[in-house]
There are 4 protein chains.
Amino acid sequence: MIAPAVRVALVGAGRIGASHAALLARRVPEADLVAVADPRPGAAAAVAGPLGARAETDVDAVLGADDVDAVVITAATPAHAALVAAAAGAGKHVFCEKPAGSSLDEIAAGRDATARAGVVFQVGFNRRFDAGFRAARGVVDAGGVGSVQLMRSLTRDPGSGPADPGAVPAWTIFTQTLIHDFDTLNWLNPGARAVDVMATADALIDPDFRGAGHLDTAVVVVRYDNGAIAVAEASFAAAYGYDVRAEVFGSGGMVTVGDGATTSLRVHDAVGRSAATARGDVELMADAYTAELAAFASSVQRGEPAVVGGDDAWAAYAVAQACIDSMTSGARAAVARP
Amino acid sequence: MIAPAVRVALVGAGRIGASHAALLARRVPEADLVAVADPRPGAAAAVAGPLGARAETDVDAVLGADDVDAVVITAATPAHAALVAAAAGAGKHVFCEKPAGSSLDEIAAGRDATARAGVVFQVGFNRRFDAGFRAARGVVDAGGVGSVQLMRSLTRDPGSGPADPGAVPAWTIFTQTLIHDFDTLNWLNPGARAVDVMATADALIDPDFRGAGHLDTAVVVVRYDNGAIAVAEASFAAAYGYDVRAEVFGSGGMVTVGDGATTSLRVHDAVGRSAATARGDVELMADAYTAELAAFASSVQRGEPAVVGGDDAWAAYAVAQACIDSMTSGARAAVARP
Amino acid sequence: MIAPAVRVALVGAGRIGASHAALLARRVPEADLVAVADPRPGAAAAVAGPLGARAETDVDAVLGADDVDAVVITAATPAHAALVAAAAGAGKHVFCEKPAGSSLDEIAAGRDATARAGVVFQVGFNRRFDAGFRAARGVVDAGGVGSVQLMRSLTRDPGSGPADPGAVPAWTIFTQTLIHDFDTLNWLNPGARAVDVMATADALIDPDFRGAGHLDTAVVVVRYDNGAIAVAEASFAAAYGYDVRAEVFGSGGMVTVGDGATTSLRVHDAVGRSAATARGDVELMADAYTAELAAFASSVQRGEPAVVGGDDAWAAYAVAQACIDSMTSGARAAVARP
Amino acid sequence: MIAPAVRVALVGAGRIGASHAALLARRVPEADLVAVADPRPGAAAAVAGPLGARAETDVDAVLGADDVDAVVITAATPAHAALVAAAAGAGKHVFCEKPAGSSLDEIAAGRDATARAGVVFQVGFNRRFDAGFRAARGVVDAGGVGSVQLMRSLTRDPGSGPADPGAVPAWTIFTQTLIHDFDTLNWLNPGARAVDVMATADALIDPDFRGAGHLDTAVVVVRYDNGAIAVAEASFAAAYGYDVRAEVFGSGGMVTVGDGATTSLRVHDAVGRSAATARGDVELMADAYTAELAAFASSVQRGEPAVVGGDDAWAAYAVAQACIDSMTSGARAAVARP
């Protein structure tokens, strides 16, 4: 007896929305993509058409549709919290891209609203679904690194940086980019809680924006209550492509994960030996994106909580919020307790 | 306007059949798995049930069914030729696991029958669909290795060898295992034709079967008409997992492809640094299997010839046949001309 | 016409002294090891004997000997400053293991004394002589990483930590271990000056010593006046061997350096693929140690300043001193200006 | 008590002679380079001068000199046998570059003459002294690959091939290049004996020389009496540098060895990730060359047989001779028994 496919509406037909929509339609048998919604004229249609889903500009209509079991939110971050609330209000299961809101309160509200509605609430921390990162966590769980002492997680976006640095919202590097690393560090140090952070950040790619609140390069030191000292690091412009890595070092050894090579091909020529490196997140994380969406649909089918839910979203955002506090004060800042 | 999904029946519910069926049902949006057929009672049902397809023990009924556009043949090799013929006779498109028949004549017959029927005929040379191998071919096509001089392709099956070596048909190592490498070598040396081979093979895993025609370890040297000298190598028992690699060396450099590491995880402990290696073909080649089935469905949708078809099947088998001749004579053997 | 070999006396016949003595005697043709001095009875003899050098317990006698051109100081750190001063006073060229003194003042005094004496003064920052690190600097110099934005340098000592953690002098992790990383970061960011640091450190290997001033794990964030943000990281106990790596990331790309694998051997077995990792500093850095001693002798022969001298020693120590200040205050601490 | 350094005369001041002379003078404390001999005017002086050794054009004078304990022969191959005989006749220990003669008889004569003279006779199979290859043999000895079934050894010379292909003596690829691989295969398959070979070779770099006996590309299949099937492969022109690798596969797993990367540096830029690859044998094998010369001097000091001696030289040449036979007959050729 097979559970029926979860009927999914996707809200927000931007770059990542288009990618998620295609994966839902083509690679996740547990889900059917029934609708794509985006208030911008034509945006939804461009994504939905080739995938056989209907397009809507009225997001509310989609959230309330009878043939929709679950909503995947890939809209711009400021809209996340309201969409989560509306979806929960309509009794729909919710997958929300990170961050799940624009403040700890928003995220807590979404978490609580979905809990009250009894729907699944998953947040898009895709690294938890990458085969290498999962294997790393497996080694940690099995005691392979002993007690965790030093950690590293980094995110470097491919390319040469934002087209319009001035248009990037303040603190984006913490709340949108490093939020992945904060969740990764929390998750790879199971049972431990982030205590405080010291953030160092600057506008190094676009120094003209220095002082205007624009940050494109950051290093964050996070201390955990089990003593572990973690470094999260981000840049908006890696010439060699999307770079996502992690390292967990402990009394028993170390695990490392992340290798930007796109395939096993190595070219040997007069220059030396070279490997093509991953160009973008969609390329590097394709399998992880697929796996997280499949896990979401599967949780819905089985009526179980999401593997990565509201508490995780809150905990990662709490570290990001502490970074903002640390940047403001120039000193270590405490991470809020759940 | 989206082309309708290709309605596929799979014939032969063994290990690889079960894998292909799941991929067709879950990962290939261009295809719908409608039926699984296997004369062994219960075999088809075990595969078809969880995938929502119907199960049949009467293969002919499936081949003739109106709701079937295409047939994927994963039965035992001796049945391939007859199934290809029957499917072509019924006007169904055909994907056949390698080898596409048990002799050059059988393969030629299948190729010609499908051509006369005007149906797509694809053979399961999956390496052509692996991202690394494709990239290697891309470098060759772009002139990155210059003129091809030396090549290597190898296949080592995971585990400790056949459970019952005596039950393995004669020449299996050439016709079933190295056939992959022969196609790979042909394909990575575009425009060239295999001229002759010298085969060296033995029963090293199971020496008791030496002399009884059982071969479990082989090295084949293939000469091409562009001068390239290629080595194909196989073993039935690699303790560290499925090992599939290739190397193309030429006047301008070299490409290598194939890396058994299952993920980017590296574990560093008192023993050193280690990577888990791939355990089986289904694990290592999952993406390639998916891609070859998607390519097949796509060729059907577009009404175009298969990317790897009857001539390729024949050319690879011609090398395998020459290996049999070489083993029989103890000398170099010519490869049949198309 | 070949310059005569530099006649060297080594002072301090401990572990690293024994290694340096053997390299001087056997691998550095520009040097002759003539004497080994150590006040501990028998210590010098054990090292000097097999190498054909004379052993002395009276260090002053050696410093003043006519047949000694240069002194290599591998004594315990507290003795460094006095030995540098004495050697300079005797007109001997000086190679001193890091750190070159126990305070910024001591190091400045040594630098100035050797300058006044007109002798070569080199400090033992061996990573500058490792082929990989040198190549990394070469890429930076050639503009290969563009403007430097993010850096990382780490040192993890092999084994399970100090036998007697209580006997390790306070701040050792900064002044003796991370001093290597501070110099590496300074050197890989040519022309820039360290501005301030934020240190995070703890006793994680030996938590019983927490609070008693013992630190065995540390992460330091260093900001440079060109905007670069660097992380230096250390641990006294890496189960998998000596781990020394660096990473320089900039607007044009990234260089990474450091690979603990002892040889190119890879073993593939039922566990996966593994490489033995370096066990100790003497093993991993053998070529770098040789090269730094050869460079020292060569500077003496040519009458040129050392490639890495007193100013470098001072600059690295200034970062270490700022770490002590940062640990004391719990806040960022300024790095002293030269 | 230290054994006195072995006083060495080097005969043949060509490219490899110059390299060996420098290593003997500077990196091998167990040896003193006292003389360099070469009949070509000026050749010996150019090498000997900077190293503080005397230069001679009269080779016989050097062979008979009282202050010479041992001779290192790096002359052209045709002169090897006569030089070995003369040195043995003069009671000098002999290190001879490979091959130790121009025929099996010559090599046997040298082996026997040195044995009668009671002097050490070592042949320059340097891979046995490379740390990675040694470690590979260690794993084989420890049973890590189980019973050996498949082997591979390859040599690809850096660059674009011989400046004057017509001047390369016939069969050079077997007797001078692949001789390294034949010894490596023999050595990595301890206790087994090569039974027969099948050689495939051609002029692919310089096709104009095809048919004129010039061979620049070769693949040799060697069968051993323990069943192992080995492939030795060579090319005179690898665009990416000197490429030396080996692989031993058996019932328990596999070892691989050989990595052309010159250092641990990896450069990541818009092209991808790259490593510089080794440019030449002297660069890649520097440590192995040093180790083999040190081992020779050490054998002399201790009065023990060479680690790799006349029987090994003969056994490797026997495989090369069988290749010549195989090329001549076009069939498998037996390897001579010792």
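Computed from a predicted structure; not experimentally measured. Just so it is clear: chains get the letters A, B, ... in the order the sequence lines come, proteins before strands, and each one is counted from 1. Atoms considered below: every heavy atom in the structure, side chains included; atoms not considered: hydrogens, waters and symmetry mates.
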When the 4.5 angstrom heavy-atom criterion is applied to C/Val139 and chain D, the contacting part is side chain
Given D/Thr262, D/Val255, D/Asp259, the one with more heavy-atom pairs under 4.5 angstrom with chain C than any other is D/Val255
If you tally heavy-atom pairs under 4.5 Å between each of D/Thr263, D/Thr290, D/Thr256 and chain C, the highest tally belongs to D/Thr256
Here the pair of heavy atoms bringing D/Asp269 nearest to C/Gly252 is CB-O, 4.0 Å
Smallest heavy-atom separation, D/Gly132 atom then C/Ser264 atom, equals CA-OG, 4.3 Å
Of C/Ala136, C/Gly144, C/Gly146, the largest count of non-hydrogen pairs under 4.5 angstrom with chain D goes to C/Ala136
Ranked by heavy-atom pairs below 4.5 Å to chain D, first place among C/Asp287, C/Val267, C/Asp130 goes to C/Val267
Output for pair (C/Arg266 CZ, D/Glu247 CD), nearest 0.5 Å, gives 13.5 Å
Taken to the nearest 0.5 Å, the spacing of D/Arg273 CZ from C/Met254 CE works out to 8.5 Å
